[in-house]
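Below is one structure; the comments refer to it alone.
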Amino acid sequence: MEKFKCMICGHVYDPAKGEPKQGLKAGIDFADLPADWVCPVCGAAKEKFKGVV
Amino acid sequence: MAVRTISPDVYSIGAIDWNLRLFDALIGTPEGTSYNAFVVKGTGKTALIDTVDPAFEESLLKNLMRIGISSLDYIVINHAEQDHAGSLPLLLDMFPGATVVADEKCRDLLGRLLDVPEDRVTVVKDGDTIDLGGKTLEFIVAPWVHWPETMMTYLKEDGILFSCDLFGSHLATSELFVRDFTKVERMAKRYFAEIMMPFRSSVLAAMQKVAERDVRIIAPSHGPLYDDPSLILDVYAEWTSDTVKNLVLLPYVSMHGSTAKMVSYLTDALIERGIEVQPYDLSKSDLGDIAMTTLDAATIVIATPTVLFGPHPVALNAAYILSALRPKTKFISVIGSFGWGGKTVQTLVDTLSHLSAEVIDPVYIRGYPTGEDLAALNVLADTILKKHEGLLTRSQEGSG
């Protein structure tokens, strides 16, 4: 599964790790995160994330 | 600050902070700044656009009196940061009938930062308008330029864009409009590097919204106004682009002279290869100057000795800030010297991880540089030359 990087603060969402602080377990695809999900570091909206290799 | 008329019934009533020398306890403001606030009088209603730093709220109130404002209908808050919104609590006390106009995120921040009650705020969305009577304010929501709640306000009839921090400069000047852009450009560039550079993609989106409108005057919240918007729009187009110059930024700190010797040698080696180089002694330099140079630099080489087990804290501080500002720099490297061990190079490279830059092999040596070490610096200079030539070729291909 693809990682996504926040274009605002640089935080990387890694589906292999999930977001433990937000209670999101590993294995959730970025596309499957809720539409109102925000970056755990800076609060940027989902559309501010871009796919990274 | 004196009241100045921008166009009929539109006034600049903010404050000039001639003596500010350090902003946010972080970055130097060698030429002061201003906190611009504006009044737009329609035939029916009156709006104040932004306020001033609370240290200058008395000056703002005097100016409101000077133009005979006894009541305000709207106080538009483009940005909740205290240097713009900080006088809001006092104004809300003085003008109980006034409604704050802000976007949703701004309302939340005004509540948290300034304890502004929610019921005093009218939330607007991108493209919403307010008719003051012959003067129409349109709100342009521009998130992450440079906070999540940032917004601009466009006065349609007069073609004035109140752009908040976008297009601003920390510059105290008695001139309302930019007259000598060569003087202002340097401060605008510094400001861009310090404030806007990490949000280049959001700035581009905001500039697209500006381009869709007939903007005849740009009125930012810091520094002078532009009655020729192309001046600032053209340089912003360059600054937000991916283009870098054949320039190496070389921030350094030295304790016993070994690192300084390496810096001096590498500086000469780069000059000999026709590469522009800008060394900054971190113990004496202003972060704003360094930030501004990163805007153009294709390569950053940080030079530091090892203190105990890692980089000199001054070098680490610089790397932390450079990483946060996220310049478009393409290559980074580290040079310096150690006595007996440590993880300086790894710590610096990790700290700079927010940059999308390729790491060029560091030259990290033990003790005072010998002939062999200086030869390694020549190799580093050769590598930088090759990398820069590669960039130049690519950009020529791109434009051809």
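Every chain is numbered from 1 and lettered A, B, ... according to where its sequence line falls, protein lines coming before strand lines.
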Would you say [X] has more than 12 foreign heavy atoms packed within less than 6.0 Å of its [atom1]?
| X | atom1 | result |
| --- | --- | --- |
| Asp115(B) | CG | no |
| Glu2(A) | CD | yes |
| Lys209(B) | NZ | yes |

**OP:** Residue by residue, scan residues 17-29 of chain A and write down, ordered by number, those that have a heavy-atom distance under 4.5 Å to chain B; if none do, write 'none'.
**Re:**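 Residues in range: none.
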
Original post:
What part of Arg326(B) gets closer than 4.5 Å to chain A, counting heavy atoms only: side chain, backbone, both or neither?
Top reply: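 When you check distances to chain A, only side chain atoms of Arg326(B) fall under 4.5 Å.
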
**OP:** Starting at NE2 of His11(A), measure out to NE2 of His354(B) and round the result to the nearest 0.5 Å.
**Re:** 9.5 Å

Report, one line per pair, each donor and acceptor closer than 3.5 Å where one atom sits in a side chain of residues 40-53 of chain A; sequence neighbours left out.
from     : atom 1 : to        : atom 2 : distance (Å)
Lys46(A) : NZ     : Phe30(A)  : O      : 3.2
Lys46(A) : NZ     : Ala31(A)  : O      : 3.4
Lys46(A) : NZ     : Leu33(A)  : O      : 2.6
Lys48(A) : NZ     : Ser202(B) : OG     : 3.1

